[in-house]
Structure formats: C-alpha cells, structure tokens
Amino acid sequence: MKFYDCATAPSPRRVRIFLAEKGVTLETIQVDLSKGEQFSEAFKKINPSAQVPLLQLDDGTCITEVSAICRYLEEIYPQTPLYGRTPVERAQVESFNTQLETNGLFAVADAFRNTTPGFANRAMPGPHDYAQIPALAERGLLKLDNLFADLEAHLATNQYMVGDYFSVADISALTILDFARWVKKGIPDHCTNLLRWSEQVKQRPSAAA
Ligand SMILES: N[C@@H](CCC(=O)N[C@@H](CS)C(=O)NCC(=O)O)C(=O)O
C-alpha cells in the first residue's frame, strides 16, 4: 500500500496524524504541490482530480478524499478506533467531523486561496481553474471567528470534540486550527477551553505528523 502525501499540506496531514494514532507506517510518496507535481501525467493517471492525499492499494486500487481514506484505514486497522466505539459515538463523530469541514476547513481554504497571490486563478484545488473571489476570503475569516466561539462553548462541557473520547474529529480540528494560522487566525486568548483542548492534543506524539 502506498500513501501519496505532501509534507506541507493540511489535507494529507489529517491522514498522517490518523496513521500515527494507529501506529501504522506506510510507504510514502511525496507529491510536491509547490512544483505542480499533482498535475503530472503520471499522477493524474492515478488521481484525475489532481489532489493529495491518495492511497494506492497493492492491487492498484486508488482511494482519494481524506474521509474515504481514513474510513478504509479504520476498517483494516481497527485497533485504537478513531471513528467511535459505539453506534451513538460513531454518529456523533461523523456529525462533528462534517461540521468541522464545513465551518472550519472550507473557511480557511476560502480565506487562504482567495487572497494568496500564488493561487491567482487557483482558488479551488483540482483540475479546473477558478478565479479568486475576495468576498469569499472575508466570509471565510468571519466563519473562523464564529468557529472559535462555537468550539469554545462546546469545549466548556466536553474534553474532546466528542465527549471524553479522542477521535478523528479532534484530528480534523487540530489540522484546521493549525491551517488557520496561514491566514493569521490563531486561537484567541479568551478561548480558554479551546486553548486547553489544543494543549492536550498537541501533547500527543501524533501531532508532530
Ligand atoms: N476533498 C479533498 C481535498 C484535498 C485537498 O484539498 N488537497 C490539496 C492539498 S491540502 C491539494 O491537493 N491541492 C492541490 C492544488 O492546490 O492544486 C480531500 O478531502 O482529500
């Protein structure tokens, strides 16, 4: 099995942390996005959507999308379950993870890709070019302020994103909040619950992945 990664990019980092939590090491191939290697004919042959991460199985099957890759890894490496231990927990993890993507990941991506000069005409990842829309960046920053406030309230009564259980939702949140620094949005000082959570997850060895 081969893991196609880019050491500097947030989406594959979600998979790297997931693998580290499972204690699994895979053969890893770096795709240098800064050099445009995602557009090479060889890579587009295995992933026409020209993005990382990608997991290639030994029979050649390719799995794209962080959530699909992590779901697959959860099934073949069931130790240390990260998608919930009970039906209710699995539903809660799925729900929170989706909210974090919608309210957090897409917010940072909008803020970053719609303002950074190097992404002119590349406002969305993938094979198609899209012009930057500065208003989307503004909305992304506003969404991030709201995300900080919402997570702060949530963590007043929860140790992790889902109760007292460390899950893939915490991996998503950690990656998203570190990605938010790219648009100069650190966790505000007054968000003491969120800062407590952040310290806690950053102490896990997987956070270095
Ligand atoms: N929905 C995809 C998003 C993957 C994604 O956005 N990957 C970025 C790196 S973080 C990428 O490959 N970008 C290529 C580009 O910007 O051309 C997933 O969940 O895997």
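Throughout, residue positions are numbered sequentially from 1 according to the sequence presented. Small disclaimer: the values here were computed from a predicted structure and weren't measured. For ligands, and for the atoms within them, numbers begin at 1 and follow the listed sequence.
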TODO: May I ask which of Val52, Leu54, Thr64 has a heavy atom nearer to atom 7 (N) of ligand 1 than the others do?
DONE: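 Shortest heavy-atom distance from atom 7 (N) of ligand 1: Val52.
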TODO: Could you name the option among Glu101, Glu65, Arg122 that has the heavy atom nearest to atom 1 (N) of ligand 1?
DONE: Glu65
Protein residue, atom and distance nearest to [atom], heavy-atom basis:
atom                    : value
atom 13 (N) of ligand 1 : Pro125 CB, 3.7 Å
atom 11 (C) of ligand 1 : Leu33 CD1, 3.9 Å
atom 20 (O) of ligand 1 : Val66 N, 3.0 Å
atom 5 (C) of ligand 1  : Gln51 OE1, 3.4 Å

Regarding ligand 1, does [X] bring an N or O atom to under 3.5 Å of one of the ligand's N or O atoms?
X     : value
Pro10 : no
Gln38 : yes
Ser67 : no

Write down the atom of [X], the atom of [Y], and the distance for their closest heavy-atom approach.
X      : Y      : answer
Phe179 : Ala109 : CE2-N, 3.9 Å
Arg181 : Gly186 : NH1-CA, 4.0 Å
Gly126 : Phe39  : O-CE2, 3.9 Å
Gly104 : Leu144 : O-CD2, 4.3 Å

May I ask you to list the atoms of ligand 1 that are less than 4.0 angstrom from any heavy atom of [X]?
X     : result
Ala9  : 9 (C), 10 (S)
Phe39 : 17 (O)
Pro53 : 20 (O)

Task: Criterion salt bridge (Lys or Arg N to Asp or Glu O under 4.0 Å) on Arg90 and Glu74, from CA distance to verdict - done: CA-CA 12 Å; Arg90 280 192 280 278; Glu74 178 88 344; over 6 Å; no
Pair [X], [Y]: side-chain N/O donor-acceptor within cut-off below 3.5 Å:
X      : Y      : result
Thr80  : Glu21  : no
Asp170 : Trp197 : yes
Asn114 : Gln132 : no

Task: Check: Tyr160 ring centroid to Phe166 ring centroid under 6.0 Å - done: yes
Open item on the list: With a heavy-atom distance limit of 4.0 Å, tell me whether Arg113 approaches ligand 1 through its side chain, its backbone, both, or neither.
Closed with: side chain
